[in-house]
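Okay, so here's the structure we're looking at.
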Number of protein chains: 2
Amino acid sequence: MDVDTIRRSLEAGGLRCTPQRYAVMAFLMEHSGHPTAAEIFAAVNRVDPRSSRGTTYNNLRDLVQAGLVREVAVEGRAARFDAKGMRHHHFICDRCGNVEDMEWYDLPRPAARSLGKRVFRECELIFRGLCAKCARRQAFR
Amino acid sequence: MDVDTIRRSLEAGGLRCTPQRYAVMAFLMEHSGHPTAAEIFAAVNRVDPRSSRGTTYNNLRDLVQAGLVREVAVEGRAARFDAKGMRHHHFICDRCGNVEDMEWYDLPRPAARSLGKRVFRECELIFRGLCAKCARRQAFR
DNA sequence: TTCCACATTAGATATTATCTAAAATACATG
DNA sequence: CATGTATTTTAGATAATATCTAATGTGGAA
């Protein structure tokens with residue numbers, strides 16, 4: 001992934017380009033999995049051990065606030081993160097909690113009637129079931 | 001809410017009807033908000049202080065596994081719980097994390113092509129934005 | 001009434017995330 | 001290039017949320 005692409009993404013979000021923040025963003029753009037904060041911290045520090053846990057959390061928070069990264073909460077597990085590239089939905093495995101991408105479907109803006117005084121921003125579709133790996137294991141029991 | 005309705009719900013899920021479990025289920029059926037485990041524990045013990053935190057978590061886990069209760073993970077906050085009554089979707093406030101019900105829309109089963117070897121169970125729609133209270137506060141800044 | 005699989009308890013522990021205050025640094029500006 | 005400053009990073013402490021443990025109690029079938 002091009003250095004300038006990443007640097008420009010950060011600037012577009014109004015964020016300074018520090019080595020630690022760059023590393024988090026680069027890792028997310030280069031890995032389409034959905035790593036947890038702990039996984040990102042480990043991966044980034046494996047390459048260049050100059051970041052701390054706190055900074056990784058800070059940067060993830062900043063990237064989410066800037067709209068560059070999506071946070072996916074998973075029941076009973078650590079949150080997962082995802083650079084916003086192509087639009088997509090998520091499949092969450094009931095068994096292992098892994099998050100996988102699903103193709104994008106356009107979703108209807110909710111009717112004003114059902115929205116009331118709320119301010120709508122977006123909606124997202126979450127598919128649930130067993131991921132391929134867990135489905136295979138399940139078959140042998 | 002009728003005692004027998006709740007008792008039968010538990011039995012339908014293959015769960016014994018203990019006072020603590022009954023209290024959790026009754027509270028969820030009688031309150032359409034989306035309380036956290038801590039809130040449920042506090043509310044249940046206010047009425048009859050015979051439950052422990054661990055038991056509340058155990059019972060919530062059991063109720064979710066039995067399909068009687070839904071767990072809603074919220075980014076950076078405690079999970080919220082919801083008795084499965086009428087089908088509905090959820091609106092999650094970006095600012096305060098509150099979960100509110102939204103009317104039900106039927107959703108398409110994903111195409112076999114995009115599902116691959118995964119086993120589909122359900123899909124859910126999550127609306128995001130500002131709840132009425134937070135939208136009002138936002139207007140004054 | 002008895003029995004036992006299942007449930008509960010208090011407290012310890014694990015996991016995930018945030019806070020703090022001092023030190024370092026990105027980068028706009030001169 | 002040098003400077004100033006608001007932002008960022010750091011390590012460690014702390015907070016918030018959830019699970020585990022092992023001893024004790026109990027719902028409900030027979």
Side-chain angles (χ1 to χ4, degrees), chain A residues 3-4 6-25 34-45 48-66 68-69 71-81 96-97 99, chain B residues 3-4 6-26 34-45 47-66 68-69 71-81 96-97 99:
Chain A
V3 170
D4 277 341
I6 294 168
R7 171 179 277 273
R8 261 182 275 114
S9 293
L10 294 177
E11 282 165 0
L15 297 173
R16 282 191 184 170
C17 183
T18 68
Q20 294 86 347
R21 185 174 288 151
Y22 177 95
V24 168
M25 190 65 197
H34 296 78
T36 62
E39 286 164 355
I40 294 166
F41 170 59
V44 154
N45 264 37
D48 178 0
R50 285 190 304 171
S51 194
S52 68
R53 197 162 41 89
T55 297
T56 303
Y57 276 104
N58 284 344
N59 281 327
L60 285 168
R61 191 213 329 98
D62 295 344
L63 291 168
V64 168
Q65 276 185 352
L68 300 174
V69 166
E71 178 173 356
V72 184
V74 182
E75 292 73 14
R77 301 182 188 256
R80 288 160 177 282
F81 297 87
C96 69
V99 176
Chain B
V3 170
D4 277 342
I6 294 169
R7 172 179 278 272
R8 263 182 272 113
S9 292
L10 293 177
E11 282 165 1
L15 297 173
R16 280 192 188 167
C17 184
T18 68
Q20 295 83 349
R21 186 175 287 153
Y22 177 94
V24 168
M25 191 65 196
H34 296 77
T36 62
E39 287 165 356
I40 294 166
F41 171 59
V44 154
N45 264 38
V47 175
D48 178 1
R50 286 190 305 169
S51 194
S52 67
R53 196 160 42 87
T55 296
T56 303
Y57 276 104
N58 284 344
N59 282 328
L60 286 168
R61 191 214 326 99
D62 296 343
L63 292 168
V64 168
Q65 276 185 352
L68 300 174
V69 167
E71 178 175 355
V72 184
V74 182
E75 293 73 15
R77 303 182 187 254
R80 287 159 178 282
F81 297 88
C96 69
V99 176

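Within every chain, numbering begins at 1; the chains are lettered A, B, ... in the order of the sequence lines, protein sequences first and strands thereafter.
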Taken to the nearest 0.5 Å, the spacing of Glu71(B) CD from Gln65(B) CD works out to 10.5 Å
With the side chain of [X] defined as its heavy atoms from C-beta on, choose the nearest nucleotide among [options].
| X | options | answer |
| --- | --- | --- |
| Thr55(A) | dT9(D), dA7(C), dA17(C) | dT9(D) |
| Asn59(A) | dT9(D), dG28(D), dA26(C) | dT9(D) |
| Cys17(B) | dG28(D), dT9(D), dA26(C) | dG28(D) |
| Ala78(A) | dT9(D), dT16(C), dC27(C) | dT16(C) |
| Arg16(B) | dA17(C), dG27(D), dT8(C) | dG27(D) |
| Arg7(B) | dG28(D), dA7(C), dA18(D) | dG28(D) |

Nearest whole angstrom, please: distance from the [atom2] of [N] to the [atom1] of [X].
| X | N | atom1 | atom2 | value |
| --- | --- | --- | --- | --- |
| Leu15(B) | dA7(C) | CG | P | 7 Å |
| Arg61(A) | dT16(C) | CZ | C1' | 15 Å |
| Leu10(A) | dT25(C) | CG | P | 19 Å |
| Arg21(B) | dG28(D) | CZ | C1' | 13 Å |
| Gln20(B) | dA10(C) | CD | P | 10 Å |
| Asn45(A) | dT9(D) | CG | P | 12 Å |
| Asp62(A) | dT8(D) | CG | P | 6 Å |
| Glu75(B) | dA16(D) | CD | C1' | 17 Å |

Looking at Phe41(B) and Ser51(B), what are the two nearest heavy atoms and their distance? CE1-O, 3.4 Å
When every non-hydrogen atom of Thr56(B) is compared with those of Ala37(B), the smallest separation belongs to CG2-O, 3.9 Å
Heavy-atom check, side chain of Asp4(A) versus side chain of Arg7(A), under 4.5 Å: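 A side-chain contact under 4.5 Å exists here.
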So, do Asn59(A) and Met25(A) sit near enough that their side-chain heavy atoms are less than 4.5 Å apart?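 Sidechains of Met25(A) and Asn59(A): no contact.
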By the 4.0 Å heavy-atom rule, please label Ala38(A) as base, sugar-phosphate, or nothing.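 No contact.
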For Thr36(B), answer base if it contacts any base atom (sugar-phosphate contacts may also be present), sugar-phosphate if it contacts only those atoms, and nothing otherwise; contact means non-hydrogen atoms under 4.0 Å.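 Touches nothing.
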Using only side-chain N and O atoms of [X], determine if any of them is under 4.0 Å from OP1 or OP2 of [N].
| X | N | result |
| --- | --- | --- |
| Arg53(A) | dA11(D) | no |
| Thr18(A) | dT7(D) | no |
| Tyr57(B) | dA18(D) | yes |

side-chain contact (heavy atoms from CB on, under 4.5 Å), that's the test. Do Arg21(A) and Asn58(A) meet it? Break it down for me. CA-CA 9 Å; Arg21(A) 185 174 288 151; Asn58(A) 284 344; over 6 Å; no
For DNA chain D, whose closest nucleotide is more 5', that of Gly76(B) or that of Asn58(A)?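 Nearest-nucleotide comparison on DNA chain D picks Asn58(A).
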Closest-nucleotide mapping onto DNA chain D: is Phe81(B) or Glu11(B) further toward the 5' terminus? I mean the 5' end.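 Result: Phe81(B).
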